[in-house]
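Following: one structure in structure tokens, then a few remarks.
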Amino acid sequence: MEPMELDRETSKGKEEEGEEGQSIIDKRKPIVVIMVGAPGSGKSTFCDHVILASSQTWIRICQDTIGNGKAGTKAECIKSAANALKEGKNEFIDRCNIDREQRADFLKLGGPDVQKHAVVLDLPAKLCITRSVKRTGHEGNLQGGKAAAVVNRMLQKKELPKLNEGFTRITFCHNEKDVEAAINTYSALGPSDTLPSGCFGQKNPEAKVQLGIMKFLKKVDVPSKDGLAKSNPQSCSHNQTSAEKDSNPKMLENDSAPLEHVQLDVKDCVHQEMGPSSGSIFLDSVPTLAFPSISTADFMFDLDKASDIIVEKVEEFVNKLGGGRLVLVDLSHKSKILSLVRAKAAQKNIDSMKFSTFVGDITRLYSGGGLRCNVIANAANWRLKPGGGGVNAAIFSAAGPDLESATKERAGSLAPGKALVVPLPSTSPLSIKEGIAHVIHVLGPNMNPQRPNCLNNDYVKGCKALREAYSSLFEGFASILSTQGWLSKESNEKSLNSQDQLEKNHSDSDQKVKREALNEYEGSKKSKVFLKELRPDFSHSMDGKDNIENRSNVEPLNECEREINAKGSLKELRPSVSHSIGRIDNLSSRDDTGINKAWGPWAQALYQIAMHPERHINDVREILDDVVVLDDLYPKARKHLLVLARVEGLDCLADVHKEHLPLLRAMHAVGLKWAEKFLDENESLIFRLGYHSEPSLRQLHLHVISQDFDSKHLKNKKHWNSFNTPFFRDSVDVLEEVGKHGKATLRDDDSFHSMELRCHRCRSAHPNIPRLKKHISFCQASFPGLLLENNRLVFGPGKGG
DNA sequence: GTTCTAGAAC
DNA sequence: GTTCTAGAAC
């Protein structure tokens, strides 16, 4: 690299000196070169090179060593620099000087008699980090793991110098060649030589002004092979990129950087490289979502199909994300999903600036891999809880309890195909060490028979769910970008809803946040309802029409529950039941008829009794051909019976059709019979017979319940409201509706369970269950007219009616 | 379905 | 401080 051509004035000055016999001071003002650059950018090395090669006297004012070889203060540097200037020495201010304020005091040195230069080592952040992390024996003891954090923090404050700060000359170096050229320029400087004023090697100045926009445009700079520019500032505006790099776009910038540390998969990273001009800007400023491949690990989703979906979804979203970048992460260089995705993304010409793959630990992207991401995705479980292994366990573990609590605040569960954005508290180690600001939980479909809610190779449903999962994930990311002003207006509008959601979560009161979390939870509860409604679909639907979301609650009923069931959690429920429960076939997804079931393990007891009452002889009151009668294990009144239908496939009222009318009549008749039997014993009792619109226990059962509701087991709103709102369907009405329409009207809206508590007699409202119970213990008001009609209530002889 | 319990409500 | 509820856990 040839040194920069020197200004001819200098020679002229020499001649004048000879003629006029002026002192050496007049030859040229001393130069203060303020070095600007992050740790690891090579400032000290730069100075050392010049000092060694130059014929002039240069001294290096280094804050890291100024205190008798140890780190000193800025004030010491200034003092030392001032003294050196008095002696007419040229000097380097070797400290980071990363922002304007840091530089200001040094620019005041020596007044106008001193030339103020800046040399900006604006090298890729990754390179600086790599160097800092790897170096040993650093003067300032900035090395190893902490260096990465320091470099990063410093680069965030970076403020490139401008002439109007007081510099007469600024040289920008963006790569090793620039650095080499600048070293040569300063080394070659003779006693009377002066370097031209102005900015040299600066990238498009607008890039600084509108960093947010420019950094996402593809290579704004036009590479030039010239190395150092000539005296014309224009010509040296950018000179970093060699033809060699251009010819091999797969190479990461800076061949000299020891990239293996950064764990970048250089060899085969079609999508991994930063463009030659991306440098530190890219790394530091681009909002980046790192995400693992969803469902392909433990959930055993076919890799080929998954990679198709990843690329398809990336392609769909990559342009909606404005400045955002997506990075698919996997642990191993041998990752098949990464290579598949890379190949397919390359085929589709997806912009590698916006999507790349990365080999590394998703919890250590920055500290372990130098990849700066502000958002990571978690392959969550439905419970949104730690554990399970893989990415989920790793992320929860690395994030500490903060993530769990932040998650819990927002939602209690997650449906397949859905994502949940969780702002990560700044106290989380993942935030502190890795700079992660958000975690997006996402749940994908499961193809692993050993895991809950297996789709049994149904890739129609599976692919749909996986597509939805990625859409949800990327939308979540977009919502984060939009709140941070990264998205265009159009994009913002697109993600307005999610933005709203986010903003609420961030700014509103705790109560509101909780309410939203509750809504989400309620939403997932609702999906349970759907699940059951759609259950027939499961038996034969290959049309993929069913709502993926519906499956969310299949999972909870399986993974954990299967084992619980085997251990007989229902033992407590009813000792004699447990024996058979332990052998139950069908808490899993299929029963004998091949119909998928959505019932939890706790929900199977009645079904078992109905199917095999002889095994529960101690628990039942009466066994008939078509019904079984038993006491409710947790009676909500003095008398509370259940009349079970002994028909397979009749799980609840929703399953009831016209052909079941005789059975319903039989159930009603048996219920009445028992009510009358109790009335014989205690004529003050009043009974009501009916069904829950959406029962918790499997197998159609008729409640026969006395209206005293005098029971220690009646404990909460749900208990009360399930018997005292339209959620409770009177048997007489069900008979009528099924007779007329072939089905009963269901009132399975969740809202019934949270309705205000009203006395079933006088309709007075009460603030809580204890107060209500106290009230009903003495309220003798007559029942509402509606209940008195149509024999909905069953009274003792000579009463009511 | 129930039990347990944290935290809200009082 | 106690009561009560809602949600998690089972």
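Residue numbering restarts at 1 for every chain, and letters A, B, ... go by the order of the sequence lines.
Using a 4.0 Å heavy-atom criterion, one finds that A:N716 contacts no nucleic acid atom at all. Within the nucleic acid shown, A:H701 has no heavy atom closer than 4.0 Å to any nucleic acid atom.
Under the side-chain hydrogen bond (donor to acceptor under 3.5 Å, both in side chains) criterion, A:K658 pairs with no residue, sequence neighbours left out. Listed by chain and number, the residues in a side chain to side chain contact (heavy atoms under 4.5 Å, CB included) with A:H753 are A:K718, A:S722, A:F727 (sequence neighbours excluded).
In this structure, A:H692 and A:H703 have tilted ring planes: the angle between them lies in the 30° to 60° band. Taking the six-membered ring where tryptophan is involved, the planes of A:H775 and A:F778 are perpendicular, since the angle between them exceeds 60° and thus also 30°.
For A:I769, taking side-chain heavy atoms from C-beta onward, the closest of the listed nucleotides C:dA9, C:dT5, C:dC10 is C:dT5. Comparing C:dC4, C:dA6, B:dT2 by their closest approach to the side chain of A:K717 singles out C:dA6. Comparing B:dT3, C:dC10, C:dA9 by their closest approach to the side chain of A:W602 singles out C:dC10. Comparing C:dA8, C:dT5, B:dT2 against the side chain of A:P770 picks out C:dT5 as the nearest.
Rounded to a whole Å, the NZ atom of A:K408 is 17 Å from the P atom of C:dA6. Rounded to an integer number of Å, the gap from A:N768 CG to B:dA8 P is 18 Å. Spacing between atom CH2 of A:W720 and atom P of B:dT2 amounts to 16 Å, rounded to whole angstrom units. Per the geometry, CD belonging to A:E404 stands 12 Å off P belonging to C:dA8, to the nearest Å. Between A:E409 atom CD and B:dG7 atom P there is a gap of 11 Å when expressed in whole angstrom units. When the P atom of C:dA6 is taken as reference, atom CG of A:L757 falls 9 Å away, rounded to whole Å. Put simply, CZ on A:R383 is 10 Å from P on C:dA8, counting in whole angstrom units. Distance NZ (A:K718) to P (B:dT3): 14 Å, rounded to an integer number of Å.
For B:dT2, the OP1/OP2 oxygens have a side-chain nitrogen or oxygen of A:K636 closer than 4.0 Å. Checking the phosphate oxygens (OP1, OP2) of C:dT5, no side-chain nitrogen or oxygen of A:K715 falls inside 4.0 Å. The side chain of A:H753 places no N or O atom within less than 4.0 Å of a non-bridging phosphate oxygen (OP1 or OP2) of C:dA6.
Using a cutoff of 4.0 Å between basic side-chain nitrogens and carboxylate oxygens, A:K677 and A:E681 are scored as salt-bridged.
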